[in-house]
Structures are given as C-alpha cells and as structure tokens.
Amino acid sequence: MAKAAARHILVATEADCATLKKQIEEGADFAELAKLHSKCPSGSDGGALGTFGPGQMVKEFDEVVFSAPVGEVQGPVKTQFGYHLVEVTHRVD
C-alpha cells in the first residue's frame with residue numbers, strides 16, 4: 001500500500017500562502033516558515049505530518065500528496081481548514 005510523509009504550512013488566506021511560497025522559492029527555510037506562520041499544531045515541528053496512507057487526510061490534501069513530485073513545494077492547496085503549502089518528503093508506492 002502507498003505511504004507518504006509530508007510537511008505543510010497552513011494559513012488563512014491564499015495571499016498569505018502565495019507570499020510564503022515565494023519566500024521558499026527565494027531560499028527561505030520551509031520548516032522555519034512553518035514554525036513562524038502555520039496555524040496547524042504541526043508548525044512547531046516544522047510542519048511535519050509524519051507518515052500516512054491514502055484516505056487519512058482530507059481529499060484535496062491526499063490528491064496532492066499522492067501525485068506531486070517528492071521534494072517540490074505545492075500550493076496553495078485549499079481545504080476546509082484554510083490554505084496549505086505542501087511538500088512531500090517521502091513516498092513509497
């Protein structure tokens with residue numbers, strides 16, 4: 001069965017998400033930005049969500065995690081919780 005590990009940054013607006021993505025593209029550290037800006041408790045751990053299988057996260061999140069290239073920041077991804085930047089750190093199909 002497929003398994004993935006990912007980290008994310010959760011913010012309230014699409015604009016905030018886009019701003020953070022630009023900072024990451026310009027060299028800012030994903031984990032540091034997660035600690036400073038993420039509204040998810042995982043932010044204190046650099047946004048790390050651990051390892052999970054398909055169906056364990058909300059649909060929009062799952063679709064990205066199980067299709068996006070490993071190590072490439074995706075987003076904004078809109079869910080019921082807000083807007084996410086998502087980076088798949090590991091995946092086994």
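Quick caveat: nothing in here was measured; it's all calculated off a predicted structure.
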| request: Output, in order, the C-alpha distance, side-chain angles, deciding distance and verdict of side-chain contact (heavy atoms from CB on, under 4.5 Å) for Leu85 and His8. | output: CA-CA 5 Å; Leu85 289 180; His8 78 135; over 6 Å; no
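- Looking at Leu33 and Phe30, their side chains never come closer than 4.5 Å, going by heavy atoms from C-beta outward.
- Of all non-hydrogen atoms in Ala34 and Gly47, the two that sit nearest each other are CB-N, 3.7 Å.
- When the side chains of ILVMFWY residues are joined at heavy-atom separations under 4.5 Å, either directly or via intervening members, Ile9 and Leu36 end up in two distinct hydrophobic clusters.
- Side-chain polar atoms of Asp45 and Ser42 form no donor-acceptor pair below 3.5 angstrom.
- Side-chain N or O atoms of Lys21 include none that pairs as donor or acceptor with a backbone N or O of Pro76 at under 3.5 Å.
- To the nearest 0.5 Å, atom CZ of residue Arg7 and atom CD of residue Glu87 are 4.0 Å apart.
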| said: Using side-chain contact (heavy atoms from CB on, under 4.5 Å), reason through Val88 and His90 one step at a time and then give a plain yes or no. | reply: CA-CA 6 Å; Val88 179; His90 179 78; 5.9 Å; no
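- Atom CZ of Phe66 sits about 8.5 Å away from atom CE of Met57, to the nearest 0.5 Å.
- In summary, Glu32 and Lys35 engage in a salt bridge, as defined by a charged side-chain N under 4.0 Å from a carboxylate O.
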| message | Could you walk me through whether Tyr83 and Leu20 satisfy the side-chain contact (heavy atoms from CB on, under 4.5 Å) test, starting with their C-alpha distance in whole Å, then the side-chain angles of each, then the deciding distance to 0.1 Å, before giving a yes or no? | response | CA-CA 11 Å; Tyr83 292 87; Leu20 292 172; over 6 Å; no
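- Val58 and Val86 fall within a single hydrophobic cluster, where Ile, Leu, Val, Met, Phe, Trp and Tyr are joined by side-chain heavy atoms under 4.5 Å apart, directly or via other members.
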| query | Hey, mind stepping through Glu72 and Gln74 against side chain to side chain donor-acceptor pair (under 3.5 Å) and telling me if it holds? | reply | CA-CA 6 Å; Glu72 193 175 289; Gln74 304 294 314; 3.2 Å; yes
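- Under the 3.5 Å distance criterion, the side-chain polar atoms of Asp62 are matched with a main-chain donor or acceptor of Gly55.
- Closest approach of Ala6 to Thr89, counting heavy atoms only: N-OG1, 3.7 Å.
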| query | Between Val65 and Phe52, is a side-chain contact (heavy atoms from CB on, under 4.5 Å) present by the stated rule, with each step listed? | reply | CA-CA 10 Å; Val65 169; Phe52 50 91; 3.7 Å; yes
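- Hydrophobic clustering, with ILVMFWY side chains joined whenever heavy atoms are under 4.5 angstrom apart, groups Phe81 together with Val77.
- Atom OG1 of Thr79 is separated from atom CG of Leu10 by 6.5 Å, given to the nearest 0.5 angstrom.
- Distance check, rounded to the nearest 0.5 Å: CZ of Arg91 to NZ of Lys3 gives 14.5 Å.
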| said: Show, in sequence, the C-alpha distance, side-chain angles and deciding distance for Asp16 and Thr19, and conclude whether the side chain to side chain donor-acceptor pair (under 3.5 Å) test is met. | reply: CA-CA 5 Å; Asp16 288 346; Thr19 298; 5.5 Å; no
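- Looking at Met1 and Pro54, their side chains come closer than 4.5 Å, going by heavy atoms from C-beta outward.
- Atom NE2 of His84 sits about 9.5 Å away from atom CG of Leu49, to the nearest 0.5 Å.
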